[in-house]
Amino acid sequence: MKRERAMIGRVLAAAVMLCGGAGAALAHPHVWVQARAELVLDGKRNLVAIRESWTFDPEYSAFAVLNLDSKRDGVPDQGKLDELAAQRLEAMAETAFFTQGKLNGRPLALKGGPSPKASFSDGRLTLDFTLVPQGPAGPVRTLVVSFDDPDFYVAFGFPAGEPVRLSGTAECVLKLSRPARQAREGEQLIPDEEATGTPGAAAAAAADYTGRLLVACP
């Protein structure tokens, strides 16, 4: 039971994710996310916020918005989408929001910011939310941020173009280090029994599919 609760957290802490994908699938990952991000620094190079935007695969998106369409017109109610966003952000706190960071070589602790939003377009759910540092950490010299799930239940990728940006200062440089390999939607890469039964197997499989945002300041 403890493992099951942890797994639910890994897929955005909703039982619907297990019901919608895990029961039928035979291998990890089960959910695919295309991530965009904005790193916000102030004039003194302090990290103010990380703004994230996640667009989910169609299968998970369809299941996530079930019963959110009160008018039966194919469009989820915006109020219910906003409730969904707030619930997801609160639940993701248990997994550090699937966002790992190191600021000046030290682990970066984050908390959820205000007013998360969700939208649904072209059959895909998008979750927009903000994370903020839990306390002051001093000006940024180096900042490394990655989006990943050590259980590899959720696969994160970056869309083409420029999915990340840095704002608030012209002194620092941002580089996106794309993952060595991209997990294509529906592509399953490690058997469930291996991912859940062999310690470290899921994290090892996920390593090649994890990208990083790198910020350097003078």
Side-chain angles (χ1 to χ4, degrees), residues 2 5-14 31 33-56 81-118 126-158 162-179 200 202-203 206-207 209-218:
K2 182 178 181 181
R5 289 196 297 268
M7 185 63 72
I8 292 172
R10 289 294 181 190
V11 290
L12 307 184
V31 178
V33 171
Q34 289 289 291
R36 295 174 174 82
E38 179 184 8
L39 306 181
V40 183
L41 275 59
D42 64 17
K44 296 182 179 180
R45 298 177 297 172
N46 296 302
L47 177 65
V48 175
I50 301 175
R51 297 172 182 159
E52 301 186 30
S53 181
W54 296 358
T55 298
F56 294 87
L81 284 172
D82 291 343
E83 290 178 7
L84 174 71
Q87 292 166 359
R88 291 294 188 268
L89 186 62
E90 181 180 359
M92 287 194 299
E94 297 180 6
T95 57
F97 309 98
F98 297 93
T99 303
Q100 310 300 319
K102 281 194 173 182
L103 177 60
N104 301 331
R106 297 183 176 181
L108 175 64
L110 298 164
K111 61 183 179 180
S115 304
K117 296 291 183 182
T126 296
L127 178 65
D128 295 295
F129 60 95
T130 299
L131 303 179
V132 298
Q134 288 192 10
V140 174
R141 298 189 301 276
T142 60
L143 174 63
V144 181
V145 176
S146 63
F147 312 126
D148 66 271
D149 177 8
D151 284 338
F152 205 31
Y153 202 99
V154 182
F156 289 89
F158 296 97
E162 299 181 0
V164 301
R165 65 174 182 162
L166 178 68
S167 63
T169 178
E171 299 178 344
C172 304
V173 176
L174 169 65
K175 177 183 178 181
L176 170 61
S177 178
R178 289 184 177 271
Y209 297 89
T210 301
R212 290 173 175 79
L213 286 63
L214 312 172
V215 177
C217 297

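Excluded from the calculations below are hydrogen atoms, water molecules and symmetry mates; all remaining heavy atoms, backbone and side chain alike, are included.
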With side chains defined as the heavy atoms from C-beta onward, is the minimum distance between [X] and [Y] less than 4.5 Å?
| X | Y | value |
| --- | --- | --- |
| Thr210 | Pro179 | no |
| Ser53 | Leu127 | no |
| Asp148 | Gln100 | yes |

Looking at [atom1] of [X] and [atom2] of [Y], how far apart are the two atoms once the value is rounded to the nearest 0.5 Å?
| X | Y | atom1 | atom2 | answer |
| --- | --- | --- | --- | --- |
| Glu162 | Arg36 | CD | CZ | 12.0 Å |
| Ser146 | Leu213 | OG | CG | 8.5 Å |
| Asp42 | Thr169 | CG | OG1 | 8.5 Å |
| Lys117 | Leu89 | NZ | CG | 12.5 Å |
| Leu174 | Arg165 | CG | CZ | 11.0 Å |
| Thr99 | Phe156 | OG1 | CZ | 7.0 Å |

Are the side chain of Arg178 and the backbone N or O of Phe158 linked by a donor-acceptor pair below 3.5 Å?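 Checked: pair present.
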Counting distance only, does the side-chain N/O of Asp151 pair as donor-acceptor with the main-chain N or O of Tyr153 below 3.5 Å?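 No, the answer is negative, given that no donor and acceptor are paired below the 3.5 Å cut-off.
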For a quick test of reading the model, state the closest non-hydrogen atom pair linking [X] to [Y] and the distance between them.
| X | Y | result |
| --- | --- | --- |
| Ala85 | Ala118 | CB-N, 3.8 Å |
| Ala35 | Phe147 | CB-CD1, 3.9 Å |
| Val215 | Cys172 | CG1-CB, 4.1 Å |

Please walk me through it: do Leu166 and Leu41 pass side chain to side chain contact (heavy atoms under 4.5 Å, CB included)? CA-CA 8 Å; Leu166 178 68; Leu41 275 59; 3.7 Å; yes
Output all residues satisfying salt bridge (Lys or Arg N to Asp or Glu O under 4.0 Å) with Arg45, sequence neighbours left out; order by chain, then residue number.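 Glu171.
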Phe129 and ring pair (Phe, Tyr, Trp, His ring centres under 6.0 Å): which single residue from Phe97, Trp54, Phe98 fits?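 Checked Phe97, Trp54, Phe98 against Phe129; only one passes ring pair (Phe, Tyr, Trp, His ring centres under 6.0 Å): Trp54.
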Kindly list each side-chain donor-acceptor pair under 3.5 angstrom involving residues 130-145, sequence neighbours excluded, with atom names and distances?
{"unit_1": "Gln134", "atom_1": "NE2", "unit_2": "Leu110", "atom_2": "O", "d": "3.0"}

Between Lys102 and Leu108, is a side chain to side chain contact (heavy atoms under 4.5 Å, CB included) present by the stated rule, with each step listed? CA-CA 5 Å; Lys102 281 194 173 182; Leu108 175 64; 5.9 Å; no
Pairing donors with acceptors under 3.5 angstrom, does anything connect the side chains of Thr55 and Thr126?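 Note: Thr55 and Thr126 side chains meet the donor-acceptor criterion.
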Do Val40 and Leu47 pass the side chain to side chain contact (heavy atoms under 4.5 Å, CB included) test, and can you show the C-alpha distance, the side-chain angles, and the key distance before you say yes or no? CA-CA 6 Å; Val40 183; Leu47 177 65; 5.8 Å; no
Any residue meeting side chain to side chain donor-acceptor pair (under 3.5 Å) with Asp82, in chain and number order, not counting sequence neighbours: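 Asp82 satisfies side chain to side chain donor-acceptor pair (under 3.5 Å) with Gln78 only.
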